Amino acid sequence: MIALRFYRIYDIGREVNLDWLEKELAASFITTRTSFRRVKPKSIIMENPPLMLRMEPVLVEKDGRTFDFKVVARIYDVGAISFCFVYERTDADLAVLEDTALLFAGQEGLSDFFLSYLRTLAEILKPHIKDFALNPDFFEDYTIHVADRLDDSIDPVILLTGERTKISSQMRDEILKNTQSYTVDDCAILSWDAALLCNPEYPADLIDLIEYANVQVLELRYYDRELTRQMEKMYDDIALADRLSWFRRTHHYHGIMAHLMETNAEFSEIIEKIDNLIKVTEDVYYARVYATVLKVIRSGQWSESVSRKIEVIRENYSMLSDEVRIQHSNFLEWVIIILIALEFGFAIWEYFIR
């Protein structure tokens, strides 16, 4: 048995109420919720499993050959849409897996099909999701190769790099270092844009874990970009306020602070939700695989970038708050000075009119 799973994950710009959406789509589509199959219920915790839709299969012609792909879409409450093109052969040997993987290396030849299915799903979801927005050029892609065994007939490095070339021993070690195994008969070799899973039984749970990790990274990338835009707007607004008169500047600062407070609360809540999309608790092997995937696809770097930008927004809020407080204090001092001056003025006036 062999399988190839090609993923592309997109963001729709807002969170989704999956319970409500599931009821809305139930009349026209067959929908299910993703669940793990081979683990204890408390081993992997996912508070709101994604909503899965089975799309129409597609035939893809490549180099005079025809490939039959199943297509599955998943919708996540954090605002992500995942497409998976699945090619499976129960009667094929490992050589077919390698040849097919090289034929579609880098998901070559599949982009138009992904876009077509993306447009189809967008038309389905738009009536049910307010302010639906989608950038087809912003996505996360990943490829999972699946085999029921691993032997000398294929080279894992060729599968993961997508090319037949003489790889140096140092690079080979680097590619293969993120390998996890539970028994002597299985292994999961993980790299930054592809994975090879070898298991006598179909590793459905591991496949889902890898997908969820990629969803997290896409969402972190998306909100990192949104935070960059918010910071650019913040600096522009502050620069504009500094050119205004004292009274108008203070009023403008209050508006900026209100927006920063709202941004901080909104993004902090969303990022916490993304970080807790899934929790692997009791299953040590799955926890190691999940942690390894997050590491190799650089989730930590994106998470640090997002946290750093949120902290900058908080620091600017604090700075503006101090500035407003100082200006308010200066205003009160001038009021006191004016009142004292008026009191002296009235005293002198009363003295001379007596």
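What you are looking at is a predicted structure, and each value in this text was computed from that prediction instead of being measured.
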Item to check | Transitive ILVMFWY side-chain link Val72 to Ile75, under 4.5 Å | outcome: no
Next on the checklist: Rounded at 0.5 Å granularity, tell me how far CD1 in Ile81 sits from CZ in Arg8.
Outcome noted: 14.5 Å
Item to check | Steps toward side chain to side chain contact (heavy atoms under 4.5 Å, CB included) verdict (Asp186, Tyr285) | outcome: CA-CA 12 Å; Asp186 72 76; Tyr285 176 60; 3.5 Å; yes
Checklist outcome for this item: Taken in chain and number order and not counting sequence neighbours, the residues that satisfy side-chain contact (heavy atoms from CB on, under 4.5 Å) with Ile338 are Leu342
Item to check | Reported CD-to-CE distance for the pair Glu226 and Met231, which is rounded to 0.5 angstrom | outcome: 13.5 Å
Item to check | side-chain contact (heavy atoms from CB on, under 4.5 Å) partners for Ser268, two or more places apart | outcome: Asn264, Ile310, Arg314
Next on the checklist: The test is side chain to side chain contact (heavy atoms under 4.5 Å, CB included); show your working for Thr292 and Gln180 and say whether it passes.
Outcome noted: CA-CA 9 Å; Thr292 302; Gln180 301 289 338; 3.2 Å; yes
Item to check | Asp236 atom CG, over 12 foreign heavy atoms within 6.0 Å | outcome: yes
Next on the checklist: Does anything in residues 154-167 form a salt bridge (charged side-chain N to carboxylate O under 4.0 Å, His left out)? List the pairs, not counting sequence neighbours.
Outcome noted: Glu98-Arg164, Asp99-Arg164, Asp155-Arg172
Checklist entry - Is there a path from Val58 to Val86 through hydrophobic residues (I, L, V, M, F, W, Y) whose side chains come within less than 4.5 Å of each other? => result no
Checklist entry - Around atom NZ of Lys62, are there more than 12 heavy atoms of other residues, nucleotides or ligands at under 6.0 Å? => result yes
Checklist entry - What pairs with Ala73 under side-chain contact (heavy atoms from CB on, under 4.5 Å), at least two apart in sequence or on another chain? => result Met55, Phe83, Leu121
Item to check | Summary of side-chain hydrogen bond (donor to acceptor under 3.5 Å, both in side chains) pairs that have at least one residue in residues 114-125, sequence neighbours excluded | outcome: none
Next on the checklist: Check Asp19 with Arg33, please: is the shortest side-chain N to carboxylate O separation under 4.0 Å?
Outcome noted: yes
Checklist outcome for this item: Across all chains, not counting sequence neighbours, the ring pair (Phe, Tyr, Trp, His ring centres under 6.0 Å) partners of Phe139 are Tyr10
Which side-chain N or O atoms in residues 141-149 pair as donor and acceptor under 3.5 Å with protein atoms at least two apart or in another chain?
| unit_1 | atom_1 | unit_2 | atom_2 | d |
| --- | --- | --- | --- | --- |
| Tyr142 | OH | Ser191 | O | 2.8 |
| Tyr142 | OH | Ala194 | O | 2.9 |
| His145 | ND1 | Ala195 | O | 3.0 |
| Asp148 | OD2 | Met1 | N | 2.8 |
| Arg149 | NE | Asp151 | OD2 | 3.3 |

Checklist entry - Taking the six-membered ring for Trp, are Tyr223 and Phe267 parallel (under 30°), tilted (30 to 60°) or perpendicular (over 60°)? => result perpendicular
Checklist outcome for this item: Heavy-atom nearest pair, Ala3 first then Leu97, reads O-CD1, 3.7 Å
Checklist entry - Quick check, are the ring centers of Phe104 and Phe69 under 6.0 angstrom apart? => result yes
Checklist outcome for this item: Value for CG (Leu197) from CZ (Arg5), rounded to nearest 0.5 Å, stands at 9.5 Å
Checklist entry - For Glu304, which residues count as a salt bridge (Lys or Arg N to Asp or Glu O under 4.0 Å) partner, sequence neighbours excluded? => result none
Item to check | Side-chain heavy-atom pair Pro136, Phe114 within 4.5 angstrom cut-off | outcome: no
Checklist outcome for this item: Closest heavy-atom pair, Pro49 versus Leu18, reported as atoms and distance to 0.1 Å, is O-CD1, 3.4 Å
Item to check | Check against salt bridge (Lys or Arg N to Asp or Glu O under 4.0 Å), Glu219 and Lys273 | outcome: CA-CA 10 Å; Glu219 290 301 301; Lys273 197 169 186 178; over 6 Å; no
Checklist outcome for this item: So side-chain hydrogen bond (donor to acceptor under 3.5 Å, both in side chains) across residues 72-92, not counting sequence neighbours, yields Thr34-Arg74, Asn48-Asp77, Lys70-Glu88, Arg74-Asp208, Arg74-Glu211, Tyr76-Glu211, Ser82-Glu211, Tyr87-Arg89, Glu88-Tyr202, Arg89-Asp91
Checklist entry - Is there a chain of hydrophobic side chains (I, L, V, M, F, W, Y, each step under 4.5 Å between heavy atoms) that links Leu4 to Val293? => result no
Checklist entry - Rounded to the nearest 0.5 Å, what separation is found between the CD atom of Glu174 and the OG atom of Ser169? => result 12.0 Å
Checklist entry - Which heavy atom of Leu220 sits nearest a heavy atom of Val306, and at what distance? => result O-CG2, 3.6 Å
Checklist entry - Does CZ in Phe67 sit with more than 12 non-hydrogen atoms of other residues, nucleotides or ligands closer than 6.0 Å? => result yes
Item to check | Pairs where residues 294-303 contributes a residue and the test side-chain hydrogen bond (donor to acceptor under 3.5 Å, both in side chains) is met, not counting sequence neighbours | outcome: Asn178-Lys295
Next on the checklist: I'd like to know if Arg308 and Glu311 make a salt bridge, using a cut-off of under 4.0 Å between side-chain N and carboxylate O.
Outcome noted: no
Next on the checklist: Once rounded to the nearest 0.5 Å, what's the spacing between atom CG of Asn199 and atom OG1 of Thr183?
Outcome noted: 6.5 Å
Item to check | Flag side-chain contact, heavy atom, 4.5 Å: Ile189 against Pro156 | outcome: yes
Checklist outcome for this item: In short, Arg14 meets Lys130 closest at the heavy-atom pair CD-O, 2.6 Å
Checklist outcome for this item: Nearest heavy-atom approach of Ile154 to Leu159 is CD1-CD1, 3.8 Å
Next on the checklist: side chain to side chain contact (heavy atoms under 4.5 Å, CB included) for Leu190 and Thr179? Distances and angles first, verdict last.
Outcome noted: CA-CA 6 Å; Leu190 309 160; Thr179 300; over 6 Å; no
Checklist entry - Mind checking who shares a hydrophobic cluster with Leu102, ILVMFWY linked at side-chain heavy-atom distances under 4.5 Å? => result Ile158
Checklist entry - Is it the case that one hydrophobic cluster holds both Leu94 and Val96, taking links as side-chain heavy atoms less than 4.5 Å apart, direct or via other members? => result yes
Checklist entry - Arg54 and Thr31: side chain to side chain donor-acceptor pair (under 3.5 Å), yes or no, with the steps? => result CA-CA 8 Å; Arg54 296 193 181 276; Thr31 61; over 6 Å; no
Next on the checklist: I need the minimum non-hydrogen distance between Leu150 and Cys187, along with the two atoms involved.
Outcome noted: CD2-SG, 3.8 Å
Next on the checklist: Among residues at least two apart in sequence or on other chains, which ones pass side-chain contact (heavy atoms from CB on, under 4.5 Å) with Phe138?
Outcome noted: Asn135, Leu218, Arg221, Tyr222, Arg225
Checklist entry - With hydrophobic residues grouped by side-chain heavy-atom distances under 4.5 Å, do Ile297 and Ile207 end up in a single group? => result yes
Checklist entry - Does Trp20 CH2 have over 12 foreign heavy atoms under 6.0 Å away? => result yes
